[in-house]
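Here, residue 1 is the first one in the sequence, and each next residue gets the next number.
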Amino acid sequence: MLLVHLISEYEKGFRLDVEVDPVEVIKIRMEDFGYKPADLAQVYGDKGTVSKVLNYKQALSLSMIRKFSQLLRIPAEMLIRSMH
């Protein structure tokens, strides 16, 4: 228990608070897993909306954040940040 606390405190000292573009994070993770927009649409249920989000024409909805966070193993906090 003490070791976990010490590691956590150590990591806090090196944590960078960098603004991350949620769409870019999604695209990177899609590439990591070999996913296409159609794969995300299967999870979300709407190919048009997924396309709009990936092209910065529509913001991520809370539902999308939840589903994509789980599918792509991205912390939801990284997807909540504002887009360009």
Side-chain angles (χ1 to χ4, degrees):
M1 191 75 160
L2 177 62
L3 183 58
V4 171
H5 175 71
L6 291 173
I7 292 171
S8 176
E9 289 300 311
Y10 175 80
E11 288 176 343
K12 284 181 188 176
F14 291 98
R15 186 170 295 157
L16 297 174
D17 283 334
V18 177
E19 283 294 318
V20 179
D21 178 9
V23 174
E24 286 304 312
V25 172
I26 290 171
K27 289 178 180 181
I28 290 167
R29 293 303 283 170
M30 285 173 63
E31 187 175 317
D32 291 346
F33 289 113
Y35 291 154
K36 304 284 183 219
D39 298 314
L40 270 63
Q42 282 185 325
V43 171
Y44 182 68
D46 183 8
K47 189 174 182 178
T49 302
V50 169
S51 176
K52 288 177 186 175
V53 168
L54 294 177
N55 289 300
Y56 296 94
K57 299 195 185 296
Q58 182 173 327
L60 285 160
S61 68
L62 184 56
S63 175
M64 290 179 108
I65 289 170
R66 287 181 180 139
K67 290 177 181 182
F68 294 167
S69 172
Q70 184 176 14
L71 174 69
L72 300 171
R73 299 184 196 132
I74 302 170
E77 302 83 46
M78 291 182 77
L79 300 178
I80 293 172
R81 303 204 178 166
S82 64
M83 296 189 307
H84 288 114

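With sequence neighbours excluded, no residue satisfies ring-ring contact (aromatic ring centres under 6.0 Å, His included) with Tyr44. Asp46 meets the side chain to side chain donor-acceptor pair (under 3.5 Å) test with Thr49; sequence neighbours excluded.
Across all their heavy atoms, Pro75 and Ser69 have their closest contact at C-OG, 4.0 Å. Nearest heavy atom pair, residue Ala41 against residue Lys47, reads CB-CA, 3.5 Å.
Using a 4.5 Å cut-off on side-chain heavy atoms (C-beta onward), Asp39 and Phe33 make no contact. Residues Val23 and Tyr56 are in side-chain contact: their nearest non-hydrogen atoms beyond the backbone lie under 4.5 Å apart. Between Lys57 and Ser51 the shortest side-chain heavy-atom distance does not fall below 4.5 Å. For the pair Ile26 and Leu40, the minimum side-chain heavy-atom distance is below 4.5 Å.
Checking side-chain atoms of Lys27 against main-chain N and O of Leu54 turns up a donor-acceptor pair under 3.5 Å.
Under the 4.5 Å side-chain contact rule for hydrophobic residues, Ile28 and Leu72 do not share a cluster. Hydrophobic clustering (ILVMFWY, side-chain heavy atoms < 4.5 Å, transitive): Ile80 and Val25 are in one cluster.
Rounding to the nearest 0.5 Å places CE of Met64 at 11.5 Å from CG of Leu71. Between the CD1 atom of Ile65 and the CE atom of Met78 there is a distance of 12.5 Å, given to the nearest 0.5 Å. Taking CZ from Arg29 and CD from Glu24, the interatomic distance works out to 14.5 Å, rounded to the nearest 0.5 Å.
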